[in-house]
Amino acid sequence: MAAPFELSCWGGGWGLPSVHSESLVVMAYAKFSGAPLKVNVIDKTWRGSRGDVPILTTEDNIVSQPAKILNFLRKQKYNADYELSAKQGADTLAYIALIEEKLLPAVLHTFWVESDNYFSVTKPWFASRIPFPLSLILPGRISKGALNRILLTRGEPPLYHLREVEAQIYRDAKECLNLLSNRLGTSQFFFGDTPSTLDAYVFGFLAPLYKVRFPKVQLQEHLKQLSNLCRFCDDILNSYFRLSLGGISPAGQETVDANLQKLTQLVNKESNLIEKMDDNLRQSPQLPPRKLPTLKLTPAEEESNSLQRLSP
Amino acid sequence: MSLVAEAFVSQIAAAEPWPENATLYQQLKGEQILLSDNAASLAVQAFLQMCNLPIKVVCRANAEYMSPSGKVPFIHVGNQVVSELGPIVQFVKAKGHSLSDGLDEVQKAEMKAYMELVNNMLLTAELYLQWCDEATVGEITHARYGSPYPWPLNHILAYQKQWEVKRKMKAIGWGNKTLDQVLEDVDQCCQALSQRLGTQPYFFNKQPTELDALVFGHLYTILTTQLTNDELSEKVKNYSNLLAFCRRIEQHYFEDRGKGSSSIKSS
């Protein structure tokens with residue numbers, strides 16, 4: 001088995017393995033291509049970097065953006081596009097460009113710029129996963145970066161004003177969603193029956209928009225009306241992510257046995273500890289003699305019973 | 001433009017037919033215009049030729065400032081001014097001429113996707129090469145961009161534009177790319193276009209569409225513009241069907257009407 005790659009990314013919520021679009025694209029691609037990926041969710045400890053998430057770490061390299069990570073995985077022979085024709089490969093690039101140009105500004109706006117959404121949902125969520133002083137700075141920085149990107153790519157000079165741009169970007173995003181829905185039609189994935197890079201990108205951008213609960217839901221409402229895109233997201237979530245909402249790889253027989261072993265060890269440790277405490281108490285003169293715990297009970301029950309008796 | 005203003009404009013546009021004296025404004029061809037602007041202008045010209053609409057090209061040094069959105073080219077039709085290929089296509093459609101009516105929904109989606117691919121990769125790569133690659137900036141861009149203006153205005157305007165473009169590159173994540181990575185992206189884009197075109201005469205088989213006009217504009221300009229090094233045009237020359245495509249459109253729509261400029265040297 002190849003050494004597992006470690007991916008550090010933002011965690012999940014609302015039924016998704018990750019709330020961050022780019023991290024979700026990489027996770028989905030890894031599932032589709034069968035790459036063994038160990039997911040390290042960014043949390044409140046200072047371990048790991050939060051800068052250019054998602055980041056893939058292997059023994060010799062560190063790769064950072066989704067496009068580069070996907071290229072890296074393909075070079076390691078984890079290729080989800082194996083069965084696509086040349087034209088379909090070209091279509092993939094074109095649709096990804098479409099998503100980045102038309103849909104991404106509106107998604108960034110919904111998450112990071114729209115004040116109701118940002119202050120009530122996005123900022124608390126991200127701040128709770130970042131250690132203290134950084135939690136005051138980093139979400140604000142990401143928000144400013146998003147606003148900057150929207151204005152620089154869509155704002156028409158010399159008036160870089162947000163309101164004029166908002167209507168345009170939401171209109172473009174709705175048109176993009178309609179185009180994606182037309183292209184998907186009734187098939188299960190974009191190119192036949194097996195998922196590919198394009199499916200990973202579409203899933204990565206649509207799933208957070210679909211699942212996260214926002215106060216201002218203009219784009220989400222539009223997405224919910226496109227039932228085939230919703231069905232697409234749900235299908236992928238159910239088939240590839242159902243057993244791994246915590247970010248752990250699906251349980252095989254070995255992991256089950258390993259877990260059972262760990263549980264037994266833990267229980268044995270506990271019962272040893274309890275016996276030691278019991279000895280100590282018996283030896284100390286102040287306390288009245290106690291009854292020994294009955295041995296015929298199963299380990300778990302014995303532990304809970306003894307704990308009850310030993311508590312003051 | 002806001003939604004109301006756009007609806008208003010298309011109503012007005014629909015009212016009158018295409019006049020004879022429509023003009024297209026771009027920067028000065030010989031000394032001032034840059035690679036990306038030339039590509040955009042050629043794309044619009046190709047599109048209008050494909051629709052059989054007469055247009056006169058006028059070169060002005062301040063074309064960029066005359067344009068309503070700050071981008072060239074823009075067309076002056078009747079008493080309306082429309083800039084950039086996207087709005088121009090819609091404007092022309094409001095007047096009743098369209099190249100993409102025969103396409104079904106899926107094909108229209110594909111066409112839009114490929115146009116975004118060209119804008120996303122080819123146009124951004126051209127901008128990067130012009131404004132972020134030190135060699136090209138020093139030798140070509142600064143000199144050309146400020147050429148109609150006296151000193152010190154020429155330097156100030158060139159630096160200001162360069163700062164703007166660099167800011168935009170950083171915002172979309174191209175700030176840290178090296179020239180090699182950019183050229184690789186161009187190669188990927190050309191490969192995708194070449195695979196999509198295959199052996200067909202145009203992207204959507206028999207009839208040209210705005211996608212063909214856009215691709216022609218960019219590829220032709222890349223192939224015929226003299227830069228500090230030839231790497232960009234070499235990337236395009238690797239794909240023979242794209243070369244044949246450009247030659248075909250040039251012959252059909254430009255040389256026939258006696259407007260041939262520098263033609264492509266077949267390699």
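Here the structure is a predicted model, which is why all the values come from computation and not from measurement. The sequence lines fix the lettering, A, B, ..., with proteins before strands; numbering per chain opens at 1.
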### Summary
Counting heavy-atom pairs under 4.5 angstrom with chain B, the leader among Asn182(A), Thr153(A), Asp91(A) is Asp91(A)
### Query
Counting heavy-atom pairs under 4.5 Å to chain B, which of Gly145(A), Ala67(A), Ala94(A), Gly89(A) comes out on top?
Ala94(A)
### Query
Using 4.0 Å as the upper bound for N to carboxylate O, is an ion pair formed by Glu116(B) and Lys102(A)?
yes
### Query
Between Glu221(A) and Lys174(A), is there a salt bridge with N-O shorter than 4.0 Å?
no
### Query
Hey, which of Gly173(B), Gly198(B), Ala113(B) has the most heavy atom pairs under 4.5 Å with chain A?
Ala113(B)
## Note on the structure
Bottom line for Glu175(A): the part with an atom under 4.5 Å from chain B's heavy atoms is side chain
### Task
Measure from the ring center of Tyr201(A) to the ring center of Tyr29(A) and say whether it is less than 6.0 Å.
no
### Query
Does Thr58(A) reach the main-chain N or O of Asn61(A) with its side chain, forming a donor-acceptor pair under 3.5 Å?
yes
